[in-house]
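These notes are about the structure you will find just below.
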Amino acid sequence: MPDLATPLIAWYRDTARDLPWRRAGFGAWGVLVSEFMLQQTPVARVVPLLEAWLERWPTPADLAAAAPADAVRQWANLGYPRRALWLHRAAVEIRDRHAGVVPADVDALLALTGIGDYTARAVAVFAYGQRHAVVDTNTRRVLARAVDGRSQPGAPAKRDLAAMAAVLPADDADAAIVNAAAMELGALVCTARVPRCDACPLADACAWRAAGYPDTGDERRRQARYEGSDRQARGAVLRVLRDATSHAVAADGVIADWPDQRQRDRAIDSLIADGLVEASEGKLALPR
DNA sequence: TAATCGTGGTG
DNA sequence: TCACCAAGATT
């Protein structure tokens with residue numbers, strides 16, 4: 001297999017974005033919070049909310065001492081608000097199980113609420129400089145094209161980690177850069193819909209390019225329609241509770257004009273089941 | 001394992 | 001205009 005690491009490192013040195021979590025001394029807590037926020041969420045939307053978050057809660061213990069409701073409010077309109085709840089739980093777990101210090105061990109990170117295969121390795125690598133393969137959707141697309149000669153990645157699989165591990169150089173610091181560079185390349189150049197192959201540092205090594213950019217199909221599941229969905233109803237309910245001036249709101253009045261009352265009830269029930277909403281005495285509130 | 005979970009920018 | 005897409009995790 002061609003050497004992908006060397007051109008990736010050179011390209012990254014020249015063109016990588018100056019993002020907050022890449023600054024020297026940003027800290028493991030900041031990296032962890034950034035990774036929670038970046039799950040399925042574009043960088044541009046994360047940056048301002050991340051800075052506000054860390055200003056309010058500079059350490060895991062600070063967040064752990066807050067009410068979950070405050071975390072959900074501070075999460076604002078980032079989307080997937082369960083992440084706010086899970087980040088708060090992770091902060092409590094870090095305080096209680098790790099003396100308030102974000103763990104460096106991948107298995108310890110995996111044991112925290114809301115942290116999976118990607119986030120655990122991202123924290124270990126980008127916050128602590130360890131040598132692991134970090135594979136996100138960008139990297140999977142880069143590997144699918146450059147290594148496998150496919151137009152799109154398949155469903156996420158364990159073998160993705162091995163594929164990336166085979167690309168990493170031996171040095172820990174270089175490996176961390178290659179991990180970041182593969183993600184950056186996928187985000188800026190090797191994009192999902194209109195890749196900029198003319199600007200790609202891997203062009204000479206790319207199996208997809210060598211094959212003439214064949215359309216090898218797309219196994220990925222399509223996203224469900226949002227308009228009219230339960231997710232939209234959940235979002236509307238949570239927005240009301242976030243913006244309310246009082247802690248609790250009369251349940252009957254929450255999105256009372258929603259076109260589908262059954263869906264409205266389902267949304268509220270599922271939010272309660274998720275722990276994002278608490279119901280008491282006919283009122284709804286964010287969790288204390 | 002496949003479905004579910006927000007929100008907003010974009011080609 | 002609207003389907004696609006975005007540093008995934010959970011059940």
Q: Look at the side-chain N and O atoms of N77(A) and state whether any lies under 4.0 Å from the OP1 or OP2 oxygen of dG8(B).
A: yes
**Q.** Among dA7(C), dA9(C), dG6(B), the nucleotide that comes nearest once only the side chain of Q39(A) is considered
**A.** dA9(C)
Q) If you look at every strand shown and take non-hydrogen atoms under 4.0 Å, does P156(A) touch a base, only sugar-phosphate, or nothing? A) nothing
Q. Side-chain donor-acceptor pair under 3.5 Å between R234(A) and S270(A), yes or no?
A. yes
Q) Mapping E35(A) and G114(A) onto DNA chain C by nearest heavy atom, which one lands closer to the 5' end? A) E35(A)
Q: Using a heavy-atom cut-off of under 4.0 Å over every strand shown, decide if I115(A) touches base, sugar-phosphate, or nothing.
A: sugar-phosphate
Q: With heavy atoms under 4.0 Å as the rule, sort D274(A) into base, sugar-phosphate or nothing.
A: nothing
Q) Roughly how far apart, to the nearest Å, are dA9(C) and dG8(B) at atom P? A) 23 Å
Q. When we call it a touch if two heavy atoms are under 4.0 Å apart, what does A192(A) touch: a base, just sugar-phosphate, or nothing?
A. sugar-phosphate
Q: Hey, which sits more toward the 5' end of DNA chain B by its nearest nucleotide, D230(A) or R239(A)?
A: D230(A)
**Q.** Under 4.0 angstrom between N138(A) side-chain N/O and dA7(C) OP1 or OP2
**A.** yes
Q) When rounded to the nearest Å, what value does the distance between C1' atoms of dC4(C) and dG6(B) take? A) 15 Å
Q: Please check the phosphate of dC5(B) (OP1 and OP2 only) for any side-chain N or O of R83(A) closer than 4.0 Å.
A: no
Q: Can you tell me the distance, in whole Å, between the CZ atom of R222(A) and the C1' atom of dT4(B)?
A: 17 Å
Q. Using a cut-off of 4.0 Å on non-hydrogen atoms, how would the nucleic acid contact of R121(A) be classed: base, sugar-phosphate, or nothing?
A. nothing
Q) Have R141(A) and Q152(A) got a donor and an acceptor in their side chains that come within less than 3.5 Å? A) no
Q. Less than 4.0 Å between a side-chain N and a carboxylate O, is that true for D117(A) and R121(A)?
A. yes
Q: Please work out if W21(A) contacts a base, only the sugar-phosphate, or nothing of the nucleic acid, heavy-atom cut-off 4.0 Å.
A: base
Q) Out of dA3(C), dA9(C), dG6(B), which nucleotide sits closest to the side chain of Y118(A)? A) dA9(C)
(Q) Does L19(A) reach a base, just sugar-phosphate, or nothing at all? Heavy atoms under 4.0 Å. (A) base
Q: Name the closest nucleotide to the V194(A) side chain, picking from dA7(C), dG11(B), dG6(B).
A: dG11(B)
**Q.** Nearest-angstrom distance from the residue atom OH of Y80(A) to C1' of dG6(B)
**A.** 6 Å
Q) Of the nucleotides dA7(C), dA9(C), dG6(B), which one has an atom closest to the side chain of D117(A)? A) dA9(C)
Q) Which part of the nucleic acid does R221(A) contact within heavy-atom distance under 4.0 Å: base, sugar-phosphate only, or nothing? A) base
**Q.** Distance, rounded to the nearest Å, where I255(A) contributes CD1 and dG6(B) contributes C1'
**A.** 14 Å
Q | T119(A) side chain, from C-beta outward: closest of dA9(C), dT7(B), dA7(C) | A | dA9(C)
Q.
Taking only the P atom of each, what is the distance from dT4(B) to dA7(C) in whole angstrom?
A. 23 Å
Q.
Of the options dG8(B), dA6(C), dA9(C), whose atoms approach the side-chain atoms of R141(A) most closely?
A. dA6(C)
(Q) Does dT7(B) have its OP1 or OP2 closer than 4.0 Å to a side-chain nitrogen or oxygen of Y226(A)? (A) yes
Q. Hey, is the side chain of R231(A) poking within less than 4.0 Å of OP1 or OP2 on dT4(B), counting only N and O atoms?
A. no
(Q) Does dT10(C) have OP1 or OP2 under 4.0 Å away from a side-chain N or O of R82(A)? (A) no
Q. Looking for any heavy atom pair under 4.0 Å, which part of the strands does T137(A) touch: base, sugar-phosphate only, or nothing?
A. sugar-phosphate
Q) If you look at every strand shown and take non-hydrogen atoms under 4.0 Å, does R225(A) touch a base, only sugar-phosphate, or nothing? A) sugar-phosphate
Q: Look at all strands and tell whether Q223(A) reaches a base, only sugar-phosphate, or nothing, counting heavy atoms closer than 4.0 Å.
A: base
Q. Do NZ/NE/NH1/NH2 and the carboxylate oxygens of R220(A) and D218(A) come within less than 4.0 Å?
A. yes
Q | Atom-to-atom span, CG of L38(A) to P of dG8(B) - whole angstrom | A | 17 Å
Q | Nucleotide dA7(C), atom C1' - distance to CG of D136(A) in whole Å | A | 5 Å
Q) Can you tell me how far P of dG8(C) sits from CG of L110(A), to the nearest Å? A) 16 Å
(Q) Students often get this wrong, so: under 4.0 angstrom with heavy atoms, is G116(A) touching a base, only sugar-phosphate, or nothing? (A) sugar-phosphate
Q. Does the salt bridge (charged side-chain N to carboxylate O under 4.0 Å, His left out) test come out yes or no for E35(A) and R83(A), once each step is laid out?
A. CA-CA 10 Å; E35(A) 295 299 348; R83(A) 293 182 293 168; over 6 Å; no
Q: Whole angstrom is fine here: how far is it from CD in E227(A) over to P in dA3(C)?
A: 11 Å
Q) Is atom CZ of R17(A) surrounded by more than 12 heavy atoms (other residues, nucleotides or ligands) closer than 6.0 Å? A) yes
Q: Check whether the side chains of Q130(A) and D172(A) place a donor and an acceptor atom closer than 3.5 Å, and report yes or no.
A: no
Q.
Check D243(A) with R73(A), please: is the shortest side-chain N to carboxylate O separation under 4.0 Å?
A. no
Q: Nearest whole angstrom, please: distance from the P of dT7(B) to the CD of Q232(A).
A: 9 Å
